[in-house]
Amino acid sequence: MIKSRIKKYLDVCFLEGIEKGFWSDAAKESYAVEDPKFEGQGDFSTNAAMVIAGKEKKLTGKKVNPRQIAQQLVELLSRENELFEKIDIAGPGFINFFINDAVWQSVIPVVCDVNENYGRAADSNGKRVLVEFVSANPTGPLSVGHGRQAVLGDCIARLLEAGGYEVEREYYYNDAGRQMRVLGESTRARYLELLGLPHAFPEDGYQGEYIRDIAQGLIDSAGDSLKDEEDFIPFKEAAEKAIFEDIDQTLKRFDITFDNYYNEHSLYENGLVDDVVANLREKGLVYDQEGAVWFKTTEFGHDKDRVIIKSTGEPTYRLPDIAYHREKFRRGYDWMVNVFGADHIATVPDVLAGVRALGYDDSKITVVLHQFVTLMRDGQQVKMSTRKANFVTVDELLDEVGVDAARFFFLMRKADSQLEFDLNLATEESKENPVYYVQYGHARLASIGRNATEKGVAKGELDPSLLSLLVEPEEKAILKAMAAYPDLVLDAAEALAPHKIVYHLRELAGLFHSYYNVHRVIKDEKVPDMDMELSRARLWLCEGLRIVLHNGLTLLGMSAPEEM
């Protein structure tokens, strides 16, 4: 919020400098306002002077002194007396901003006024975004890896909505093809086995206990009427229905819903896959060799061409994915976000090349690749499920640690970082458990308000003049972190990085717990010398911080408990 104000004011001064002939517009939109790296360098700093100097030298060929430009900028900036306590120049030309205490204190009325909307864009920016995630075919329950992707995709969508985007969530799947045939044959084999009849289980069949459950469900509903059925289709359909219901229930536990479900098979039924091949062939970008159809990805900077239709006539994953993404463009989205597992890393460049070859702007597609999850218990890796499948299912994880802990832990690392999920830590009720630490911070803040009321110390109407009493270093640190929240949400949305919100919530909780251990908030008989006005100011500080923690937890799809 305050960082944005500084950037806007800096932009105004930059334009004024152009009018005065100090510099050209070459550096427009090239500089930034950032948090300083070291203490004593102000509350914010900008590299504007050095960027301007570099651009001017490139433009004119003459050496430009960045400190001279910094001095010109400071003279223009110094008229904003309400915002800045002082502005100084450091090093080769960094400009450091020191913010007035009153500016930090003014954050509280803003937070308390907009309340649950603090950190959310006031208006839509009119841009439509499609977020595709999970996209697991109905061949089994969701694994822990799918769980990380589900939470990551959902939180990215929530962030984008908070940033003012119009968001749709989409689940892409395929209920046809070889793996679905194997699913049907596996279910038929278990069905016959349960009936005590001869059966041949597919060599690469699905072994999970869930297949036996589906087969038992068929016996319960249809008896042995399918014992002579040689076609796998009825078994596949029963398995698909049961598995999708299971996936849906798992996602509902996470409070995750989708706006659209898109079936890959429809791309074939509607001739869209064949049309893509025809279009690429017209452009001279596919050729036939050794019975296969090849896409000339070398035309787009790749090291070798890629097969899109095998010699058996079966398409590779790349081809329907190219067709699917062309349909996304045809549906009119401004930005398409895909959340995939790291195993997609090899096919992503080929799909983007296919989109580009068809004449679309592939820069409108952003792919977030997440690394895998390793579950740990007592320092040892948890390797497989006890019942559902040969992997740990999301439901088993949720049964053990709960929804809030699962969401928080899945988001604690950047998507492209390997995640070790410590089951012991996730269930521990201590400050060592980060989700407990943050949620306890919210509960503790809520209890302060209740305790104040019980002791007859009401914070009353918010009087901004009282906030000038919040001068302790710990109070200023909290105010700065609260003020940073809206800019952080927008930054996290643009970067598709919900872990930034997790980091900030941990920082806020840590600041609060440290503050509370040093300073009393409520005036009572234990602190007779404490001023009632100071108590009221601190109560408003706590209320503002509670709102920010609440909004951050809600943004991550988590609860903000009032008591723990």
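Only heavy atoms go into these numbers, but all of them, side chains included; no hydrogens, no water, no symmetry mates. Since the model is a prediction, treat every value here as computed from it, not as a measurement.
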Side chains of [X] and [Y] in contact at under 4.5 Å (non-hydrogen atoms):
X	Y	answer
D35	F44	yes
D259	Y171	no
I18	L15	yes
I52	L73	yes
L183	F232	no
E507	H504	yes
I345	F340	no
F97	L77	yes

Nearest non-hydrogen partners of [X] and [Y], listed with the distance:
X	Y	answer
D175	H265	OD1-CB, 3.8 Å
I214	A239	CG2-CA, 3.7 Å
I211	S186	CG2-O, 3.7 Å
P320	E264	CG-OE2, 3.6 Å
L479	W104	CD2-O, 3.7 Å
C155	L411	SG-CD1, 3.5 Å

Listed by chain and number, what are the ring-ring contact (aromatic ring centres under 6.0 Å, His included) partners of [X], not counting sequence neighbours?
X	result
Y360	F329
F410	F421
F22	none

Nearest-0.5 Å distance, [atom1] of residue [X] to [atom2] of residue [Y]:
X	Y	atom1	atom2	result
D305	W294	CG	CH2	7.5 Å
I6	D43	CD1	CG	7.5 Å
T554	I547	OG1	CD1	11.5 Å
N279	K283	CG	NZ	7.0 Å
F254	R407	CZ	CZ	6.5 Å
E166	N125	CD	CG	7.5 Å

Flag the pair [X] and [Y] as a salt bridge only when some basic side-chain nitrogen lies within less than 4.0 angstrom of an acidic carboxylate oxygen.
X	Y	result
D11	K28	no
D288	R281	yes
K296	E299	no
K241	E245	yes
D487	K3	no
E161	R158	no

(Q) Let's go through L10 and T46 carefully: what are the C-alpha distance in whole Å and the side-chain angles of both, what is the deciding distance for side chain to side chain contact (heavy atoms under 4.5 Å, CB included) to 0.1 Å, and is it a yes or a no? (A) CA-CA 9 Å; L10 181 60; T46 181; 3.5 Å; yes
Show me the donor-acceptor pairs, under 3.5 Å and distance only, between side chains in residues 364-372 and residues at least two apart or in other chains.
| residue | atom | partner | partner atom | Å |
| --- | --- | --- | --- | --- |
| T366 | OG1 | W335 | NE1 | 2.8 |
| H370 | NE2 | Q149 | NE2 | 3.1 |

Not counting sequence neighbours, which residues clear salt bridge (charged side-chain N to carboxylate O under 4.0 Å, His left out) with [X]? List them please.
X	answer
E400	R377
D248	K252
K55	none

Counting only heavy atoms not in [X] (residues, nucleotides, ligands), do more than 12 fall under 6.0 Å from its [atom1]?
X	atom1	answer
I233	CD1	yes
E290	CD	no
K414	NZ	no

Report yes or no: do [X] and [Y] form a side-chain donor-acceptor pair below 3.5 Å?
X	Y	answer
S266	E269	no
E494	Y165	yes
N338	H325	yes

Q: Give the intermediate values and the outcome of side-chain hydrogen bond (donor to acceptor under 3.5 Å, both in side chains) for residues D361 and S363.
A: CA-CA 5 Å; D361 181 3; S363 70; 2.5 Å; yes
**Q.** side-chain hydrogen bond (donor to acceptor under 3.5 Å, both in side chains) contacts in which one or both residues fall within residues 309-321, not counting sequence neighbours
**A.**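 Sorted pair list: R318-D350.
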Q: Mind jotting down which residue pairs meet the side-chain hydrogen bond (donor to acceptor under 3.5 Å, both in side chains) criterion with at least one end in residues 113-123? Sequence neighbours excluded, please.
A: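 Residue pairs passing side-chain hydrogen bond (donor to acceptor under 3.5 Å, both in side chains), neighbours aside: none found.
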Q: Without swapping roles, check the side chain of E327 against the backbone of Y324 for a donor-acceptor pair under 3.5 Å.
A: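 No, because the side chain of E327 does not come within donor-acceptor range (under 3.5 Å) of the backbone of Y324.
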(Q) Donor-acceptor pair, distance only, cut-off 3.5 Å: does the side chain of N47 make one with the backbone of A32? (A)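 A pair under 3.5 Å: yes.
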Q: Using side chain to side chain contact (heavy atoms under 4.5 Å, CB included) as the criterion, list what pairs up with S24, not counting sequence neighbours.
A: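 Partners of S24 under the side chain to side chain contact (heavy atoms under 4.5 Å, CB included) test: A26, E56, L59.
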Q) Does V489 have any side chain to side chain contact (heavy atoms under 4.5 Å, CB included) partners at least two apart in sequence or in another chain, and if so, which? A)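 Here the qualifying residues are L159, A162, Y485, I501, L555.
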Q) Under the criterion side chain to side chain contact (heavy atoms under 4.5 Å, CB included), which of R148, H499, Q418, E420 is the partner of R413? A)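 Answer to the side chain to side chain contact (heavy atoms under 4.5 Å, CB included) test with R413 among R148, H499, Q418, E420: R148.
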What donor-acceptor contacts under 3.5 angstrom involve side-chain atoms of residues 126-146, with partners at least two apart or in another chain?
| residue | atom | partner | partner atom | Å |
| --- | --- | --- | --- | --- |
| R128 | NH1 | R331 | O | 3.0 |
| R128 | NH1 | G332 | O | 3.4 |
| R128 | NH2 | E168 | OE2 | 3.0 |
| E132 | OE1 | K328 | NZ | 2.9 |
| E132 | OE2 | S135 | OG | 3.0 |
| S135 | OG | Y172 | N | 3.1 |
| S135 | OG | Y172 | O | 3.3 |
| N137 | OD1 | N174 | N | 2.8 |
| S143 | OG | G145 | N | 3.4 |
| S143 | OG | H146 | N | 3.3 |
| S143 | OG | H146 | ND1 | 3.1 |
| H146 | ND1 | S143 | N | 3.1 |

Q.
Centroid separation under 6.0 Å, is that true for the rings of Y262 and Y173?
A.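 So the answer is no for these two rings.
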